[in-house]
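Below you'll find the structure, written out as structure tokens, and then a few comments.
Quick note: numbers below take in every heavy atom, side chains included, and nothing from hydrogens, waters or symmetry partners.
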Amino acid sequence: MKRLLLLIAIVTMALSASAQQSKQSMTIDSNSWRKINSDNLTGLNIDPIGKDLSRRPCARIKILFDKMTKEQMQEIEVITPDSRIEVTKTKVADYETILIVEMTAREGVKFYLRHPKFGTSNEVEVNLEGNTEYQAKATLNKQLTINIASNHAGIDVYLNNEFKGTTVAPNNICTIADVFQGKYSLRLEYGERKSTSEIEVIDGSNIYFRLDIDDTQPVHQYLIINTKPKSALVEIDGKSIQRRNGKIEELVTNGVHHYTISAADYYPLSDTVVIDGSKTRILDIALKPAFGFLNVEHSNEMDGAEVYVDSRMRGTLPLSKPITIKSGEAAVRIVKSMYHDYNTTVTIADDKTTTIKAALVANFAPVTITTDGGAEIWIDGQKRGTSKWIGNLEIGKHLIDCRKTSHEDAHHLLNITSTEPVSVDCSSLTPIYGSLSVRSNITGAKYSIDGVEQKEVLPYVNHKALIGTHTIKIFAPGYNTFSQTITIEKGKIASVDATLTKKSATSSATRYTTTSGNSNKPTTTKSVTTAKAKSHFVQLGVGFEFGFGDAVTTLSVPVELRFGRTNQLINGFIGVNYTHASTKIGNKKSVDVDIDANTLSPMAKLRINTKRTHNSSVFIEAGAMYNVLHSTKYKTGYIDLDTESYTKGLASETKYKIESKPALVGLASIGYSFEAMELSLYATYNLTNPYKSVEPSSYTVNHRLNSTPTTLKDYDCSQKFLANKYTVGLGLRFYFGGGFMKK
């Protein structure tokens, strides 16, 4: 009885404190408003931004809520005082406390939020663009009063590590005012003893929490709760329990424990469980669905129609599966272009499927439009076909345009009042003419307009022609054909005056000036076509190449023969390449080391020419050369050796030889080639190892201490030089004409 009286007193105090609080409100932070993306975004992973019932583009708004639960957010209603604005979607995101709203996009949109428990928010005014996503922040400005009860008086109470007061006799309660809704860490301290718990403060519930300081060692055991659905939220003694490996598994003390299980679209369940003994307690709990299903039976002509439930688009026909809808009454609308909307109201029962039989009434007429051959048919500003179009148009007024080059456009306003077939004739478009004056120095010459030979014979013709751009050609036996493109304008005369020249290897032609009217005279200039310059089939090339390797710098002089003219598709090359390579590296004892090497390499390459003219091209080429190392110089601050032989350790005034073997080197380049010069970017890569000795060691020689290596490759600097693999650089070559097979 004492415990019952204590509980009644605590609940009475909590309700009294809750009633004394000021009116709650929600606030939308207008300063947080920002555009986050556009161009037919997808929201909720798969849903595109749709259109409102009037087929106008919509925008999506993601409102991030602070201090509000998902369950409370599901009761939010979006209100707009402007009747022109339609709210097509209101949904709480699955992954966090975000309210997703879609509404008609336009400038100066005003809206606010309304909640049955928290009242209304402030009104905001924003400019919305179609198919664009925005983000804003909102908060629940509600403060609650909670009561913390324990088994002792004088216990210190901390909320999120902030001291809030102590428990007071006789009920051992600490009252905390001005607490916002949300999750908190609750800690009690009584001397050296402590007790902690995670609590969640929610409006209308959980305003009373009990947490005791244990005076004795408690007995624990596991409580396992299996839920359906598996995503349901579970609270035990006011504490939210996190799933481990998909299971609710909590170690609790013996005694009575209160649990609450909730999930979106399900009825919540609260109960108690008694933990007694050392055996694990397992509960299997299935929540009752607070939703049902909607199925739509329809004819094939309704395929593609959009299904709206409570002004929110939920799918298109045919449905892949029934639509899940919250239990209760729901307004259903089925929309398809050129059909009247289908509207009905259904009652959805818990976990039941409701089926409706829907039919759409046609709102269009079959239309046939004919016009001149080649003329374009435009309907309401969109091109639909050429010469003839047959299709369906929605009942109402439509603007039909028939367009053809060099003809007057024909316009027709079609008013469709029934579903009966309609025919529209826009044939006999009116042509628009100008005048063409053609003169030639050859009597009997003929001419063509856009490839169509005309009957009239020159030297002079005044021709009626359609306006627009035309190609005029004048020709006569034994003479070069004259060609020119002119523009004929309405009511004006376009003149062409040409002088035909006899056919020869070198020809001259008269260029003309097209004039309008009768007062202007043509202007003529002469152009002479000359033979192309000769191109040699074999050429000798000499060049320079400067490159960088992974350890060295190189300077090369290639001497080669090029087979094939510059403007051929494929060229071949053979020649020799002299290369000088050098490096300078300091070893670990600050001794500078210089190594120089000279190689002479026969080479062969194959080139492919692209973007060719008669004497130039862009090219890519690949090939190989066979390197022979014939001389090397090794120098430090203490030893300077021109190496001829190398078989043992270093010593002053002794000549050595670095043992080597021929190496195969791959090469590739890209560049631009003229008849006598070319520029290129090149790269080489050692395909085989040119050195006979084993891989270099990591030893370092200190010449000051007269320490000598066993081989030259004992130097770190030698290792870098001898391991060089690649070179990249810039090349320049000059070519000289060959002495045979000239063009």
Side-chain angles (χ1 to χ4, degrees), residues 367-391 393 397-415 423-476 479-500 509-527:
V367 177
T368 301
I369 302 174
T370 56
T371 184
D372 291 350
E376 297 177 349
I377 299 174
W378 293 68
I379 302 176
D380 296 331
Q382 293 185 351
K383 183 181 178 181
R384 296 296 188 93
T386 303
S387 302
K388 188 174 183 178
W389 178 82
I390 300 176
L393 292 180
K397 295 182 179 180
H398 300 274
L399 180 61
I400 299 175
D401 295 322
C402 295
R403 307 172 184 176
K404 186 176 182 179
T405 303
S406 304
H407 289 70
E408 298 282 355
D409 293 348
H411 308 287
H412 183 82
L413 181 61
L414 176 61
N415 187 10
S423 295
V424 179
D425 187 1
C426 292
S427 58
S428 301
L429 299 180
T430 303
I432 305 174
Y433 291 103
S435 295
L436 172 64
S437 175
V438 183
R439 291 187 178 92
S440 173
N441 64 326
I442 304 300
T443 301
K446 305 194 72 175
Y447 72 103
S448 65
I449 301 177
D450 298 329
V452 179
E453 185 175 336
Q454 304 300 309
K455 296 180 180 180
E456 296 87 346
V457 178
L458 300 176
Y460 176 80
V461 170
N462 190 9
H463 183 84
K464 180 181 178 182
L466 291 172
I467 65 171
T469 301
H470 303 277
T471 299
I472 311 299
K473 290 186 178 181
I474 303 172
F475 48 90
Y479 290 86
N480 293 312
T481 299
F482 177 84
S483 178
Q484 184 60 41
T485 299
I486 64 169
T487 299
I488 300 176
E489 300 179 18
K490 181 179 180 181
K492 296 182 179 180
I493 300 176
S495 299
V496 176
D497 193 355
T499 300
L500 299 185
T510 301
R511 295 182 181 176
Y512 65 89
T513 301
T514 300
T515 62
S516 298
N518 299 319
S519 60
N520 296 330
K521 293 183 179 180
T523 301
T524 62
T525 58
K526 289 187 177 181
S527 61

Distance-only criterion, 3.5 Å: show the donor-acceptor pairs between side-chain atoms of residues 368-377 and protein atoms not counting sequence neighbours.
unit_1, atom_1, unit_2, atom_2, d
Thr371, OG1, Cys426, O, 3.0
Asp372, OD1, Ser428, N, 2.6
Asp372, OD2, Ser428, N, 3.4
Asp372, OD2, Leu429, N, 2.7
Glu376, OE1, Trp378, NE1, 3.0
Glu376, OE2, Lys383, NZ, 3.4

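- A distance of 12.5 Å separates NE2 of His407 from SG of Cys402, quoted to the nearest 0.5 Å.
- Nearest heavy-atom pair, Ile486 versus Ala494, reported as atom, atom and distance to 0.1 Å: CD1-CB, 4.2 Å.
- With values rounded to the nearest 0.5 angstrom, Leu466 atom CG is found 11.5 Å from Leu436 atom CG.
- Counting heavy atoms from C-beta on, the side chains of Val496 and Phe482 come closer than 4.5 Å.
- In this structure, Asn415 CG and His398 NE2 are separated by 8.5 Å, a value rounded to the nearest 0.5 Å.
- The NE2 atom of His411 sits 8.0 Å away from atom CZ of Arg403, with the distance rounded to the nearest 0.5 Å.
- Of the inter-residue distances, the one linking Ile379 atom CD1 with Leu393 atom CG reads 5.0 Å to the nearest 0.5 angstrom.
- Nearest heavy atoms, Ile442 versus Ala476: CG2-CB, 4.2 Å.
- Taking the side chain as every heavy atom from C-beta outward, Asp409 and Asp401 never approach each other to under 4.5 Å.
- Between Ile474 and Val438 the shortest heavy-atom distance is CD1-CG1, 3.7 Å.
- For the residue pair Lys446 and Glu453, the shortest heavy atom distance occurs at NZ-OE2, 2.8 Å.
- Taking Ile467 as the reference, Ser406, Ile432, Lys490 meet the side-chain contact (heavy atoms from CB on, under 4.5 Å) condition, with sequence neighbours excluded.
- Partners of Thr405 according to the side-chain contact (heavy atoms from CB on, under 4.5 Å) rule, which considers only residues two or more places apart in sequence or in another chain, do not exist here.
- Put simply, CG on Asp380 and CD1 on Ile400 are 8.0 Å apart, with the number rounded to the nearest 0.5 Å.
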